[in-house]
Structures are given as structure tokens and as C-alpha cells.
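Below, each value reflects all heavy atoms present in this structure, side chains not excepted, and no hydrogens, waters or symmetry copies. So you know, we letter chains A, B, ... as the sequences are listed, proteins then strands, and number each from 1.
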Amino acid sequence: MAERILVLAEQLEGQLTDVTLELIGVARRLAAPRGSTVDALVLGEGVSALAATVPADRTLLMEHPALRLFNPEAAQRALEAVARETSPWLVLVPNTSLGMDVAAAVATRLGWPLVAYCQAIEERDGQLVATSQLFGGKILADCPVGTDHAVISVLAGAFSSEAAAPEPPARIERLAPPAELDGLRVRAVGLERPEAADVDITRAEKIVAVGRGIESKENLELAEELAEGLGAVVAASRPLVDAGWLPRSRQVGKSGLKVKPRLYLALGISGAPEHLEGMRDAELIIAVNTDPKAPIFDVAHYGVVADLFEVAEALQERLGG
Amino acid sequence: MTLAVILKQVPDVVEELAIDPSGTDLDRDSVSYVVNEFDEHALEEALLLREATGEDVVVVGVDTTGELDQALYTALAKGAQRAVKLVGDVEGSWLSTRALAGLLAPVIRELSPRLVLTGVQAPDDLDGQLAPTLGALLDWPHTGVVVGTELADGLVRVRKELWGGIMLDLELATPAVLGIQAARATPRYVPVGRVRQAMRESTIEEVEVETPVESAPKLSRLRAPEAAGRAEMLTGSPSDVVERILEILRARGLY
Amino acid sequence: MLTTPERIAFLLLALASLLLTLRGVRLIVRAIGRGYGRPSWGVFLRRVIPVSLDILLQRPIFRTRPLVSLLHAGVFFAFVFYGLVNVLDLLEGFNGYSTLHASGVASAYNLVADLLSVAALLGMLGLLLRRFGLRPFRFNRAVFLLPSVRFGISRDSAIVGGFILLHVGSRWAGQAVRIAESGRPDWSQPTASLLARLLGGLDAATLAVASHATWWLALGLILVFLPYFPYSKHIHLFMAPLNLILREEKPLGRLEPPVGNGQLGSARLEELRWYQILDAYACIMCNRCQDVCPAHGTGRALSPAALEINKRYYLNRNLNRFAGGTTSPPLLETATSRAAVWSCTTCGACVRICPVGNRPMLDLIDLRRSLVFAGDELDPNLQAALESLSRYGNSFGKPARQRARWARDLPFPVKDARKEPVEYLWFVGDFASFDPRMQENTKTVAQLFHQAGVDFGILYEDEWNSGNDVRRVGEEGLFELLAEHNLAVLGKARFRAIVTTDPHSYNALRNEYSALGLDVPVYHYTEVLAELLERGQLRPSKRLQAVATYHDPCYLGRYNRITAAPRRVIRALGLELREMPRHGENTYCCGAGGGQIWMDSGGQERPSEQRIREAIALGEDVRFFVVACPKDMAMYSDAVKTTGYEQRLTVIDVARLVAWATGLIELEREAAPVSE
Ligand SMILES: Cc1cc2nc3c(=O)[nH]c(=O)nc-3n(C[C@H](O)[C@H](O)[C@H](O)COP(=O)(O)OP(=O)(O)OC[C@H]3O[C@@H](n4cnc5c(N)ncnc54)[C@H](O)[C@@H]3O)c2cc1C
Ligand code: SF4
Ligand code: SF4
């Protein structure tokens with residue numbers, strides 16, 4: 001009992017994703033007190049170099065042409081076969097676009113319980129408890145995890161990736177792909193990356209949003225520079241778009257676009273309800289406004305009561321310097 | 001041939017959610033239900049496919065709320081051809097995904113559709129998403145996070161969103177199960193008049209199902225996350241503030 | 001006296017002309033008859049006399065454009081009188097009866113005919129000059145016009161103008177000829193006598209020919225013109241009065257349910273109601289409606305005039321087929337555009353201004369109904385609002401339970417009108433309940449009522465959006481749903497009267513719900529406030545020494561003629577009220593109505609911004625832009641910023657001013673006004 005934890009490593013075109021390291025970090029933390037070992041399953045084709053950077057106790061490498069690009073059926077078959085073979089007490093899968101296809105299917109086929117959307121795994125009164133985000137994050141569910149096989153799909157970004165840096169695993173074991181991989185009903189055709197040229201603020205990870213506090217079109221340059229320094233795109237409240245300073249595709253809010261970036265830096269935006277409607281779901285909102293009573297501070301996580309120009313310039317200095 | 005769309009009613013997360021004294025479920029009396037928003041997209045995608053290929057759209061659901069009719073009639077008003085309601089001793093209960101898939105699988109098999117479309121996820125699918133679960137039970141090809149579909153001979157081409165705008169194009173042999181993230185168009189609006197018309201003019205087929213033995217997701221307790229509250233104010237000189245901001249960004253891997 | 005062949009010729013011509021004309025008229029009647037519903041003879045009998053009097057006094061057209069209206073009045077009175085003149089001239093031609101050199105009544109008749117001829121000639125020249133010289137006839141470039149319209153309007157004007165000039169001119173010249181023939185001036189026809197002096201040198205034979213020629217030009221021309229008449233805009237002579245007479249005295253704020261069996265709304269001409277087709281024939285293409293239309297005024301694709309004109313020109317060209325019952329193309333291909341349909345704010349200005357009683361707005365609403373019912377793609381924000389309304393009963397996407405959240409912050413409990421009887425049931429409205437900017441105001445109203453000892457209560461989460469704008473967006477089923485719910489809840493509550501903070505709800509409750517069975521007095525809060533102030537239940541302790549202007553909300557001022565109460569309140573506070581040029585029933589729309597608040601107007605200047613400029617133009621000293629509608633508060637507090645006048649002008653709800661004057665609140669947020 002309590003022998004192995006199996007982590008499904010996620011890679012895209014030979015690149016390990018952050019969430020894989022996060023999962024391995026958790027797996028290690030859970031393995032240590034139990035004397036378990038951490039297996040990482042790497043699926044792909046021509047990815048042996050990558051396998052050599054996965055910091056597990058044992059990296060299981062399975063290569064097959066069907067695994068070159070992500071193929072949900074192939075990945076599911078592969079993970080299922082490995083899980084049957086190694087019989088881990090815990091399987092960790094990222095709750096990403098790729099992992100989602102695999103986790104529930106494999107758990108169902110194995111008849112193992114699954115906890116999805118997991119954001120925390122803790123020991124409580126001698127019992128391992130996985131906590132999931134449900135109902136749009138409004139409710140957390142604590143789920144007991146037994147030691148007799150379980151699958152957990154983990155939200156990306158929920159755990160620190162620093163617990164596991166890329167380093168060679170203790171052991172690499174090459175696995176033969178299961179026979180099913182030769183008779184798949186799903187074919188991966190290709191990947192398409194977004195064009196860099198057109199800015200889609202709904203897809204942007206970071207947004208520097210400016211409002212009337214910016215005062216003039218000329219000052220937009222400051223925002224552009226700042227955005228560049230942060231790797232962000234510039235968006236705006238409606239008055240700026242109305243004034244023709246920015247195209248309508250950059251407007252956030254009720255009559256503009258709804259955005260959900262990881263960072264929303266609001267400069268000189270009062271936070272009118274029409275505006276808030278479009279951005280309140282951002283993961284991190286930092287607002288700069290001279291008015292301490294500005295409603296934007298009701299939704300922001302961090303607020304700065306200051307002149308946006310001073311803050312922007314200071315920030316620009318640090319970023320550019 | 002048909003396209004099956006699975007609709008599920010879920011607690012409306014816009015409303016305040018209260019936890020039942022048992023601590024393992026929501027207070028179902030105060031909950032109001034809506035169709036899972038991703039399921040709405042699944043229906044829209046099916047209707048778009050129908051417009052292109054002329055397939056019939058069948059909406060299917062398990063009535064756990066006693067209010068599923070409304071959702072089914074709405075789907076009929078939007079352009080679905082048939083509605084099938086699974087009824088049994090499941091009203092007011094929180095069905096786990098696996099129990100739900102277990103109830104649906106035989107009915108879906110019977111319908112033998114070309115495609116099954118449902119929402120990529122639901123606010124309450126604690127034990128995983130429906131599409132891969134059902135796909136595994138039926139042993140049909142499946143995938144989720146789909147943002148576009150196209151039917152071809154014996155297969156369906158789908159566009160799956162990964163992250164940061166990266167798209168993966170897949171071909172699945174039909175029948176297949178798809179978890180729809182976003183339809184190619186905003187789910188259409190259906191005027192109330194049309195829904196009322198559907199209520200007068202169409203019928204919902206009912207299928208009696210056995211109550212699954214272990215139907216609820218396994219959990220020890222529900223709780224509310226700690227309140228976020230108002231912004232934490234950063235004070236000091238501009239450079240102090242900037243320092244703090246960068247620290248916050250760094251901690252989140254944003255800088 | 002005509003010769004016998006001339007008489008026969010005239011009679012034959014008259015017969016042919018009448019037959020042709022009749023055919024045209026019959027086609028028109030059949031065309032109008034294709035619309036839904038039928039005119040009510042009861043209405044006709046009730047209204048025929050008073051409305052005819054109105055028309056004789058030219059009252060409907062004098063609402064704007066005094067100069068043009070005066071010219072029109074000249075032509076009109078001449079025309080009416082000329083009816084008599086033509087009959088007498090006909091008599092003269094056939095049996096020689098003449099009023100020449102007559103005395104008594106006949107000489108008075110001569111004088112009037114003579115002077116009117118000149119007035120009509122001058123008036124007509126003036127109107128033609130205006131149309132062809134000054135070219136006031138303009139549409140926004142985005143406005144859809146049938147290709148035949150641009151040329152057609154001018155041609156029609158030219159034909160009719162030419163006809164009138166020729167007809168009146170010939171008659172006038174004919175009189176001069178006859179005076180010349182008689183050899184002496186007729187003092188009862190001074191201008192014709194003057195002209196006759198110029199003819200003095202002509203010999204008798206020439207004069208005789210001229211007498212016949214002018215008679216034929218004056219009266220024969222009518223016969224030639226008559227068959228053209230049904231295709232000309234001058235058929236408004238008959239259709240406009242008919243339109244005005246047959247118009248039922250229903251409040252403008254009460255819409256009829258959509259027509260159609262199963263297929264709701266009107267997508268084609270024949271799917272309109274009969275009077276909407278009649279509108280096209282009554283229209284005189286004066287563009288008055290376009291001039292007051294906020295959508296057209298802000299450069300959008302909508303012109304209510306173009307809509308009617310297109311309908312008319314479509315009918316002109318396809319009258320035979322249309323009257324015969326063939327299916328016509330969609331109105332969106334012949335009369336207007338989607339963009340136009342969705343830019344109407346349902347402000348009602350076009351309806352109010354139209355001199356012939358047309359209601360282009362109703363067509364637009366019926367078109368919306370058909371688009372919504374047919375599942376046409378909606379503006380995404382509008383769709384979100386409708387979805388929220390059907391799910392939560394409000395457009396804010398907020399749970400119904402949060403509707404009365406604002407009441408929690410009050411120092412006193414607000415009665416639940418579902419549970420206990422109240423005197424006033426306060427129908428708060430969506431914006432006042434949910435918009436954070438407006439909630440402050442709503443609390444203020446509650447405090448004022450409380451302070452004045454008003455017994456009031458609210459419906460908490462059971463108040464749903466009244467559906468006023470939902471209905472005007474064309475979502476009839478949702479309107480019914482909302483109305484049914486509200487009526488059921490109101491039916492169970494016990495109260496004496498309803499008071500509402502929202503003009504749109506006011507309109508729905510008073511005009512729409514009453515048609516669905518609600519029978520209680522409905523007041524706007526300004527009416528209640530005015531009364532409380534006048535009865536001394538609210539006592540201002542400070543006087544506001546400032547100049548204010550007041551914006552009449554369309555649904556209050558124009559639709560329901562509540563213009564005095566808010567002004568009574570403003571004056572009671574000591575404010576000096578300075579009116580904007582467009583006020584009262586002629587108010588200008590803020591741009592939010594008819595569901596526009598849920599749609600994106602895109603780019604151009606907004607009506608609300610024009611309105612702020614209108615207020616600014618009243619003078620430096622105008623300090624307050626007073627509103628009495630929560631939507632106005634949203635629109636104008638935004639517009640005052642975007643126009644850059646927020647330092648000069650403070651947009652404020654009338655209730656906030658009252659509360660300040662009674663010492664209930666300080667106006668720090670709105671910047672304190674100067675006080676005594
Ligand atoms: C129907 C409707 C739809 C709308 N849709 C949208 C929409 O989609 N998106 C949208 O954004 N708006 C929308 N609006 C407009 C909205 O109501 C607000 O007017 C708008 O969001 C205000 O923009 P703002 O915050 O940039 O400007 P303001 O409200 O003027 O705020 C400017 C802020 O900048 C601060 N400031 C000024 N100088 C400085 C400085 N030097 N340093 C730091 N802070 C400073 C001020 O304190 C103030 O808080 C809509 C309005 C209506 C009525
Ligand atoms: S109701 Fe108002 S906006 Fe609509 S057409 Fe008439 S004037 Fe224009
Ligand atoms: S509808 Fe009325 S106001 Fe408009 S152009 Fe015709 S007659 Fe004039």
C-alpha cells in the first residue's frame with residue numbers, strides 16, 4: 001500500500017507545461033511522509049530529451065506517433081494502461097484542456113474515484129483531503145481521498161511550481177505503447193497559434209486599462225510603454241474609446257468586451273458599474289486612482305490612492321531600467 | 001441521423017448560495033436553477049450544425065429539479081426537434097457526473113446519434129466533466145473544450161482550445177461525445193412567445209430511470225471561501241508602491 | 001358660356017377622369033384594407049366634427065415651423081374656398097351664371113376669391129422656392145431611401161405646384177379676361193381688374209378665345225390632374241383628415257399587441273395595421289418628424305419620414321399588385337433598415353409632431369417584434385438584458401433577492417407591501433433599485449417619504465421590471481411574462497395608489513397595465529413630492545439660490561403630460577427655473593428609451609450630449625441639470641462628463657434637491673449649491 005503516485009506530465013510540442021511541475025511538487029510533498037515514490041508519465045514522440053528534465057523518482061516515457069500532438073484518445077489509453085500496470089494509489093492529472101479529456105475518462109474506466117477542480121490537498125486529522133472549487137468559486141468542497149486508488153485533477157496555478165524545478169529524474173523507464181494506439185478513432189490534425197498582430201483583449205493574460213484619468217491621447221503612450229514592459233495589452237474605459245483614442249476592440253465593459261486576465265491594472269478608472277461588469281472576474285486587479293472613494297476599489301484586490309502618472313512613471317522606470 | 005444535446009440544470013451561481021445544515025449539499029430550497037451555461041453553447045453548436053447538415057437535434061436531460069420541462073421547451077423553441085426527459089427518484093438530489101452518465105448512457109445509445117454535445121463542464125461536476133465520463137462509458141471517442149465543429153463523412157472535425165489562444169484541430173470518428181466550451185455564435189435568444197408556442201404545440205418524451213445506488217459526489221463538507229473584501233491599500237511613496245506591486249506580480253508569476 | 005361641343009367634351013372628359021380616379025382610389029382603399037383590423041365607425045362619428053374643426057383651423061400643423069405653416073394655411077384656405085369657386089365657375093361655363101359686377105354677397109365672394117387667388121399664387125411660389133431653391137429636404141446618408149424617392153418627391157412637388165399655379169393662375173387670368181370683355185373694372189375683384197387693364201387693348205375675338213382657354217385651363221386641368229391625384233402626396237387632402245378623424249383616442253403609451261397568427265409582429269406592408277398603411281397616404285413628406293427624431297439628429301440610419309415616404313413610393317409603384325393581394329417584399333427591403341429599426345428610442349416625438357397624425361414609431365416597434373420573433377440576431381447587450389430579465393426579472397443580471405438591498409442601509413425598515421397594507425405602493429424600478437449610482441437617490445426618496453410621514457411599502461423581490469421597454473424592444477412574450485407576474489403580485493397587495501420613481505414604469509403601470517386590468521391611481525414621485533411640499537409635510541429649511549433647468553423624460557412629459565409637478569417642486573425649493581428650448585411635451589429624448597440603454601449606439605454624438613449642450617447654452621449661471629428619471633441620471637451624468645461640462649453643470653435628481661433643502665442630506669457629492 002501507499003506505494004506510488006502517478007503524475008501525468010503535460011507537454012506541448014516538446015515543452016513541459018508549468019502545471020506539470022506544480023503537480024510533481026504536490027506529489028513529492030504527499031509522497032514523502034508515506035514513503036511513496038513519484039512516477040511521471042511523459043507521452044509524446046521524440047521527447048526523450050524532455051523526459052530527462054522531469055524531476056520525478058521515475059519518469060515513464062511512452063513514445064508513439066499518435067502521441068506526437070495531444071490526442072485525447074491516445075493519452076487516455078496510455079494513462080489507463082500505465083495506471084493498470086503500476087497501480088498507483090493516487091493519480092494526479094492537470095485540470096487543463098488536455099488533462100480534462102483524460103482524467104474523467106480514465107477514472108471512469110478504472111472505476112476509481114475522481115476529484116476534479118482541486119485547488120488544495122492537505123492532511124487533516126490523519127485523512128487526506130482534497131479541496132475543490134465549485135459553483136464558480138463560490139463554494140469549496142472538501143473531499144476525503146482514500147489510499148485505495150484515486151484520481152485528482154488539479155487546477156493550474158493552484159500550487160507553486162517552485163517545489164519542483166526541472167532536473168533529471170532518478171530513473172527513466174521506456175514503456176511500450178499499448179496496442180490500442182494503432183487503432184485510434186481520434187486523429188490530431190494540427191496546432192494553430194494565434195497571430196501576434198491583432199490584439200484580442202479577451203485573450204490577453206495581462207491588461208493595462210486606462211480611463212479618463214489619463215487625460216489626453218498623448219498620454220496613452222505612457223500606457224503603451226508600460227504595457228510593453230509588463231507584457232500586457234492596453235484596454236480602456238468607454239470614454240476613451242468614444243473619443244476615438246483607441247479602437248472599440250479595446251473597450252472593456254457592458255458595451256465593450258468582458259475580460260478575465262490574470263492581471264488587470266486599472267489606471268484612472270472610476271469603476272462605473274458598466275465598466276466593472278466587464279472586468280470584475282480578473283484574477284488580480286490593481287487599481288490606481290486619486291479618489292479614495294472610487295468604486296473601482298470595491299472590486300480591486302490592491303488599491304493605490306495616487307496620481308497614476310507618478311505610479312506609472314515609477315513603474316516604467318523599474319521595468320525599463 | 002441525430003445530434004444529441006445533453007442539458008443539465010445547475011444552481012445559478014449568480015444567486016447567493018447557502019449550504020444545507022448537513023454541510024454536504026447546498027440548501028436546495030433556496031437554490032434557483034439555470035441550464036448550465038456551457039450546455040447552452042452545446043445546444044447552439046448543435047443548432048448551427050443542424051443548419052449546415054439538416055440533422056435532427058434531440059435534447060436530453062435528467063430531471064433533478066422538477067423544472068427541466070422549461071429548459072427542454074426552450075430548446076425546442078430554439079429549434080430542437082425532440083426532447084427526452086429522464087425521470088425517476090432523483091428530484092432534488094445532486095447527481096455525481098458518473099451517476100448522471102450512467103443514467104444517460106443507455107438512453108443515448110438507444111438514440112444512436114451521430115454526435116453527443118454537452119457543456120465542457122458544469123459548476124457542480126465535482127467528480128469530473130460529463131463528456132469524457134460519458135465517452136468512457138459508451139466507449140465513444142470524446143474531447144472537451146471544443147470551440148468549433150464541422151461534420152464530415154463518418155467523422156467530426158473539432159477545434160479544441162488549449163490556452164493563450166492556441167488551438168488544436170482534431171478529427172473524431174462518429175459517434176463521438178463533445179464537451180463544448182463555446183459555440184461558434186452566441187447562444188441565440190429565444191423569444192418568450194416561441195417558448196410558449198412550444199409548450200402548446202410540442203411534447204416531451206419521458207423515460208423512466210432507476211435511481212442509481214450511489215448518486216451523490218463524495219465529499220465531507222462544503223464551505224464558503226474566505227471573503228475577499230475590499231482592496232488592500234498600498235501606501236507610501238510611488239517607488240514604495242511600485243516595489244510592492246512588483247512583489248505581488250512576482251509572487252503570481254506575472255513578472 | 002361654353003359651346004355645346006365644348007360641353008360634351010367636358011362631360012366626356014369628366015367621366016373618363018372620374019372613372020380613372022375612382023379606380024385609383026379603389027386600389028388605395030383595397031391596399032389599406034389589406035392591413036390588420038378595421039376602422040371604427042363609432043370613432044368616426046365621435047370625432048368627425050371636432051377634428052374637422054381642428055383641421056379647418058389648421059391646428060395640427062401649427063405645432064412647429066410658423067412661417068411654413070402660414071404659407072400652408074394660405075394654400076389651404078384658398079383651396080377650400082376654391083372648391084366653391086370651381087363649382088360656380090362650372091355653373092358659369094355651363095349656364096352662364098356669373099358673379100361679375102354683382103353686388104351684395106356675390107361681391108364679397110368675388111373679393112375673397114380675388115385676394116385668395118393672389119395669396120395662393122404667392123404662397124405656392126414661396127413653397128416651391130423653398131423646396132427647389134433652399135432645398136431643406138435632407139436625410140442622413142445612412143438612411144435607406146427607395147431609389148424612386150429622391151427624384152419622385154421633387155417631381156411630385158413640381159407637378160402639383162405647377163398644377164396649382166396653372167389652375168389658380170388661369171382662373172385669375174380668366175376673371176381678368178372677363179372683366180376686360182365687360183369693358184369696365186369690377187371693384188370687387190381689384191387684382192383681376194388691375195390685370196384686365198393690361199388686356200384692354202385686345203380685340204373682342206381674342207378676348208373670347210382667351211375666356212374659353214382660361215376656363216379650360218382652370219377647370220379642364222382638374223380633370224387631367226385628378227387621376228394623378230391618388231399617386232401624389234396631395235392625396236393627403238383627404239387621407240390626412242381621415243387619418244386624424246379615425247385615430248382612436250388611446251394613450252400613446254399603450255401599445256396594441258402584435259398582429260399576426262403565430263407569427264408575431266409585422267415584417268411586410270400587409271402585416272401592418274390598416275392605419276399604418278393609411279399613414280403612408282396621409283404623409284405629406286414634410287420631414288417634421290425627422291427633425292425632432294433623436295436618432296436622426298445623431299446621425300443614425302433612422303428617419304421616420306423616410307419610412308413613411310418609402311412605404312408610399314413602394315405602394316405608388318406596386319399599387320395594382322399590392323391591392324390585388326400579392327405578398328410584398330419585407331419592409332426591411334422596401335421601407336427601412338435593420339440599423340434604423342434598432343435606433344428608435346421610442347421617444348414618441350415623431351408621433352407628437354406629425355401634423356397628419358402619423359405614427360411611424362409603431363411601424364418600427366412592429367418591425368422589432370417580427371425580428372425578435374423570427375430569431376433575428378440581436379445586439380449582444382440587448383440579448384443579455386432580455387435573458388437577465390426573463391431569468392431574474394431585472395436587466396442587471398442580479399438575483400431578484402438583491403432588489404431591495406438598498407433598503408438595508410436605511411435607519412428605518414421599509415414596509416413589505418406584500419405582507420401589510422400601505423397607502424402608497426412604491427414601484428421602485430430596475431435602475432433605481434440596482435444601479436449603484438441611483439441607489440443613493442432611491443434611499444433619499446425613501447427618507448423623504450419617511451420624513452413626510454407617508455405610509456409606503458415596496459414589493460421587495462417580487463417587483464419585476466415593468467416591461468415598458470421590453471415591450472418596445474419587441475419582446476412581447478417577455479413583456480407579458482413580466483406584466484403577468486407584477487399584476488399577480490399587485491393583485492395580492494393592499495394599497496391605495498402606486499407611486500413610482502421611474503417614468504418608464506409609470507407609463508407601463510398607467511397605460512399598459514390598465515389595459516390588462518390594473519385599476520388604481522398611479523403617481524410619479526415628483527407628483528407626490530410636490531404635494532408633500534405644498535401641504536407642508538416636507539418643509540424646506542434652506543432656499544436654493546441657483547438657476548436650474550429641468551429635463552422632461554419622454555415617458556413622463558410627452559407620453560403622460562406630467563410636466564407641472566416636477567416644476568412645482570423645483571420652484572418650491574426657491575430655484576430659478578430656466579427652460580431649455582425643447583421642454584414639456586416637446587422635450588428631447590435622452591437616448592435611453594425603447595431599450596437603447598441596453599444597446600450600443602456606436603460612435604456618434606449621443607442625444608444626451610446634445611441635450612447637455614442645450615442646457616449649457618442657457619447661460620453660464622445654470623448650475624443644475626435636474627432630472628426625474630433614474631435612466632436620465634445614468635445618461636446625463638455620463639454625458640456631462642463626456643462633453644467636459646462636469647465642472648459647470650451638476651446633474652441631480654429632484655429628490656436630492658428636496659432632501660438637501662429639508663436638511664436631510666448634505667450635497668457634498670454633487671457639490672453644495674449656493675444657499676441663502
Ligand atoms: C448604457 C451605458 C453603457 C456603458 N458602457 C460602458 C462600457 O462598456 N465600458 C465603460 O468603461 N463605460 C461604459 N459606460 C460609461 C460609464 O458609465 C462611465 O461613464 C465610464 O466607465 C467612466 O469611465 P472612466 O472611469 O474612465 O471615467 P471617470 O468616471 O471620469 O473616471 C475617471 C477616474 O480617474 C480618476 N483620476 C483622474 N485623474 C487621475 C490621475 N491623475 N491619477 C489617477 N486617477 C485619476 C478620477 O478620480 C476618476 O475616478 C456606459 C454608460 C452607459 C450609460
Ligand atoms: S419615436 Fe423618437 S426615435 Fe423613434 S422614430 Fe420617432 S422620433 Fe425617432
Ligand atoms: S410622417 Fe408626418 S411628420 Fe413625418 S413626414 Fe410624414 S407627415 Fe411629416
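Residue contact with chain B, scored on non-hydrogen atoms closer than 4.5 Å, involves the side chain of A:Glu10 exclusively. Of the atoms belonging to B:Glu15, it is backbone heavy atoms, and not side-chain ones, that fall under 4.5 Å from chain A. Heavy-atom distances place both the backbone and the side chain of A:Leu315 under 4.5 Å from chain B. In this structure, the portions of A:Ala141 lying under 4.5 Å from any heavy atom of chain B include both its backbone and its side chain. Contacts between B:Leu249 and chain A at a heavy-atom distance below 4.5 Å involve the side chain alone, from C-beta outward. With a 4.5 Å cut-off on non-hydrogen atoms, A:Leu12 touches chain B through its side chain but not through its backbone. In this structure, chain B has no heavy atom under 4.5 Å from any part of A:Asp307. Residue contact with chain B, scored on non-hydrogen atoms closer than 4.5 Å, involves the backbone and the side chain of A:Ala107 alike.
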Exercise. List the steps, then state whether salt bridge (charged side-chain N to carboxylate O under 4.0 Å, His left out) holds for B:Arg252 with A:Glu283.
Key: CA-CA 10 Å; B:Arg252 300 190 177 220; A:Glu283 266 176 48; 5.3 Å; no
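Between A:Val186 and B:Pro141, the shortest heavy-atom contact is CG2-CB, 3.5 Å. Heavy atoms only, all atoms of each residue included: A:Tyr117 and B:Ala122 are closest at OH-O, 4.1 Å. For the residue pair B:Leu162 and A:Ser97, the shortest heavy atom distance occurs at CD2-OG, 3.7 Å. Contact record, A:Arg77 with B:Asp139: NH2-OD1, 3.3 Å, taken as the closest heavy-atom pair. Closest non-hydrogen pair, A:Glu310 versus B:Pro238, comes out as OE1-CG, 3.4 Å. Across all non-hydrogen atoms, the minimal contact from B:Arg98 to A:Trp112 is NH2-O, 2.6 Å.
Proximity of A:Val305 to B:Thr235: side-chain heavy atoms (C-beta onward) are nowhere separated by under 4.5 Å. No side-chain heavy atom of A:Leu134 sits under 4.5 Å from any side-chain heavy atom of B:Asp124. A:Thr108 places none of its side-chain heavy atoms less than 4.5 Å from the side chain of B:Thr97. The side-chain heavy atoms of A:Arg187 and B:Leu170, taken from C-beta on, include no pair separated by under 4.5 Å. The shortest side-chain heavy-atom distance between B:Leu219 and A:Asp142 does not fall under the 4.5 Å cut-off. Two residues are said to be in side-chain contact when any heavy atoms from C-beta on lie closer than 4.5 Å; A:Arg262 and B:Leu254 meet this criterion. B:Ile248 has its side chain within reach of A:Tyr302: a pair of non-hydrogen atoms, C-beta onward, lies under 4.5 Å apart. Under the 4.5 Å side-chain criterion, counting only non-hydrogen atoms from C-beta, A:Ile139 is not in contact with B:Val13.
Chain B forms more heavy-atom pairs under 4.5 Å with one residue of A:Pro144, A:Ala306, A:Gly231, A:Ala312 than with any other, namely A:Pro144. Between chain B and the residues A:Leu284, A:Val129, A:Val115, A:Leu263, the largest count of heavy-atom pairs under 4.5 Å involves A:Leu284. Chain B forms more heavy-atom pairs under 4.5 Å with one residue of A:Gly229, A:Cys143, A:Ala287 than with any other, namely A:Cys143.
For B:Glu243, the CD atom is densely surrounded, since the number of other residues' heavy atoms within 6.0 Å is greater than 12.
Checked for salt-bridge contact, B:Glu161 and A:Arg203 meet the test: a charged N lies under 4.0 Å from a carboxylate O.
Atom-to-atom distance recorded for B:Gln129:CD and A:Ser153:OG is 6.0 Å, nearest 0.5 angstrom. For the atom pair CD of A:Glu73 and CG of B:Leu172, the computed distance is 8.0 Å after rounding to the nearest 0.5 Å. Separation of atoms NZ (B:Lys160) and CZ (A:Phe70) is listed at 5.5 Å; rounding is to 0.5 Å.
Between the side chains of A:Gln76 and B:His142, at least one donor-acceptor pair of N or O atoms lies under 3.5 Å.
Scanning residues 99-106 of chain A against chain B with a 4.5 Å non-hydrogen threshold yields A:Met100, A:Asp101, A:Ala104, A:Ala105, sorted by number.
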